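Single-structure report; data block below.
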Protein chains: 2
Amino acid sequence: MNISDVSKRTGLPPKTIRYYEDIGLIRPARDTNGYRVFQHADTHKLAFLGRARTLGFSIEDCRTLMALYEDQERNSGDVKRLAQEHLARIDEKIEQLQSMQATLRHLVRECAGDNRPDCPILRDLAQD
Amino acid sequence: MNISDVSKRTGLPPKTIRYYEDIGLIRPARDTNGYRVFQHADTHKLAFLGRARTLGFSIEDCRTLMALYEDQERNSGDVKRLAQEHLARIDEKIEQLQSMQATLRHLVRECAGDNRPDCPILRDLAQD
DNA sequence: TCTTGACCTTCCAGTGACTGGAGCCCCTAT
DNA sequence: ATAGGGGCTCCAGTCACTGGAAGGTCAAGA
């Protein structure tokens, strides 16, 4: 399989697939013409990586998850810890964003949004 | 005032303040020795920028907000639109993160997290 | 006066995870 | 023979800083 086929199957752009090879997440074989040749195992790995990225795991986390996935002797505890740490970061981010959301909602509601210069949003940003 | 004083007052690191000058958000005066000299107006601007950044506005949004703030002829509608667009992006991000959160919470709950290799998290990532 | 240490300066490189583009090669169909 | 749609590599840019090197400046103490 060529890169564009894999791209269609996994939903990952060709650029991203090449990038993943670049940083050592996959090692597809090469044809005599230099083209990458993807076996099923490569596609499977890429799909795995795509799903992990969708869940927000960092590339380094993905690397670790792949290694654990391929390690038959792994402890599920290691996987769980990684996921929990990631979850905690997500929880934190959501809280931050919700705090911004609350403030912004309030300010937007207060602002007339007309052609006059008076603006509670700017007043809030400029407060001492 | 020197940069470290302004840093203490605004909570912005000196590096960030220099960066903001670099990209033209502020134009502090210079002493004969080359040191930046911050007037009250500069500090005020930096505080404004710091608060806008805290609300998650991009640097380019901050630039626009500053311009609107300094424009006595502005329409509050322009400010409101900017804030609403930003708010919409935040809403979207929160939704994305909440979806990840839900999936991860579920997976983490399912995973024994012991010294055995069996792991629902990896099974989920590896599913076809 | 000299020295020490805390400032300040500029400039360069790195972060994460791609993405766009240039310039080139290859393959297939007409 | 050529046209087009692939593929390849390499370089630069994104965003908003941040770290570090190399060097100039200032105030206080010996």
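In what follows, every heavy atom counts, from backbone to side chain, and hydrogens, waters and symmetry copies are set aside. The model shown is predicted, which means the values in this text are computed figures rather than measured ones. Chain naming here is simple, since letters A, B, ... match the order of the sequence lines and numbering starts at 1 in each.
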Is it the case that over 12 heavy atoms from other parts of the model lie below 6.0 angstrom from the CD atom of A:Gln127? yes

What do you reckon, is CD of A:Glu70 surrounded by more than 12 foreign heavy atoms closer than 6.0 Å?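 Buried by this count: over 12 neighbours within 6.0 Å.
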
How about [X] and [Y]: do any of their side-chain heavy atoms sit closer than 4.5 Å?
X: A:Phe38; Y: A:Leu46; answer: yes
X: B:Arg27; Y: B:Asp42; answer: no
X: A:Gln98; Y: A:Ile94; answer: yes
X: B:Leu55; Y: A:Leu125; answer: yes

Salt-bridge test for B:Lys15 and B:Asp22: reply yes if a basic N is under 4.0 Å from a carboxylate O, no otherwise.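 A salt bridge is absent here (no side-chain N lies under 4.0 Å from a carboxylate O).
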
Salt bridge check, A:Glu60 against A:Arg63: does any charged N sit closer than 4.0 Å to a carboxylate O?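 Salt bridge flag = yes for A:Glu60 with A:Arg63.
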
Every protein N/O within reach of nucleotides 5-11 of chain D N/O, cut-off under 3.5 Å:
from: D:dG6; atom 1: N2; to: A:Tyr35; atom 2: OH; distance (Å): 3.0
from: D:dG7; atom 1: OP1; to: A:Ser4; atom 2: N; distance (Å): 2.8
from: D:dG7; atom 1: OP1; to: A:Ser4; atom 2: OG; distance (Å): 2.8
from: D:dC8; atom 1: OP1; to: A:Arg36; atom 2: N; distance (Å): 2.8
from: D:dC8; atom 1: OP1; to: A:Arg36; atom 2: NH1; distance (Å): 2.8
from: D:dC8; atom 1: OP2; to: A:Arg18; atom 2: NE; distance (Å): 3.1
from: D:dC8; atom 1: OP2; to: A:Arg18; atom 2: NH2; distance (Å): 3.1
from: D:dC8; atom 1: OP2; to: A:Arg36; atom 2: NH1; distance (Å): 3.2
from: D:dC8; atom 1: O5'; to: A:Arg36; atom 2: NH1; distance (Å): 3.3
from: D:dC8; atom 1: O3'; to: A:Arg30; atom 2: NH1; distance (Å): 3.4
from: D:dT9; atom 1: OP1; to: A:Arg30; atom 2: NH1; distance (Å): 3.3
from: D:dT9; atom 1: OP1; to: A:Arg30; atom 2: NH2; distance (Å): 3.2
from: D:dT9; atom 1: OP2; to: A:Arg36; atom 2: NH1; distance (Å): 3.2
from: D:dT9; atom 1: OP2; to: A:Arg36; atom 2: NH2; distance (Å): 2.7

Could you state the atom-to-atom distance from [atom1] of [X] to [atom2] of [N] in whole Å?
X: A:Tyr19; N: C:dG16; atom1: OH; atom2: P; value: 8 Å
X: B:Phe57; N: D:dC17; atom1: CZ; atom2: P; value: 15 Å
X: B:Leu12; N: D:dA16; atom1: CG; atom2: P; value: 14 Å
X: B:Asp61; N: D:dC15; atom1: CG; atom2: C1'; value: 13 Å
X: A:His86; N: C:dG16; atom1: NE2; atom2: C1'; value: 14 Å
X: B:Ile23; N: D:dC15; atom1: CD1; atom2: P; value: 11 Å
X: B:Leu49; N: D:dC17; atom1: CG; atom2: C1'; value: 14 Å
X: B:Ile26; N: D:dC17; atom1: CD1; atom2: P; value: 12 Å

Just to be sure I understand the rule, does B:Tyr20 reach a base, reach only the sugar-phosphate, or reach nothing, if contact means heavy atoms closer than 4.0 Å? sugar-phosphate

Short side-chain donor-acceptor distance under 3.5 Å, B:Asp118 and A:Ser76: no

N/O (side chain, A:Ser58) to phosphate O (OP1/OP2, C:dG16) under 4.0 Å: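 It does not, given that no N or O in the side chain of A:Ser58 lies less than 4.0 Å from OP1 or OP2 of C:dG16.
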
With pairs taken as Watson-Crick or G-U wobble and both distances under 3.5 angstrom, which stems of at least three consecutive pairs involve DNA chain D?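 Stems (3+ consecutive pairs) listed as C:1-30 with D:1-30.
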
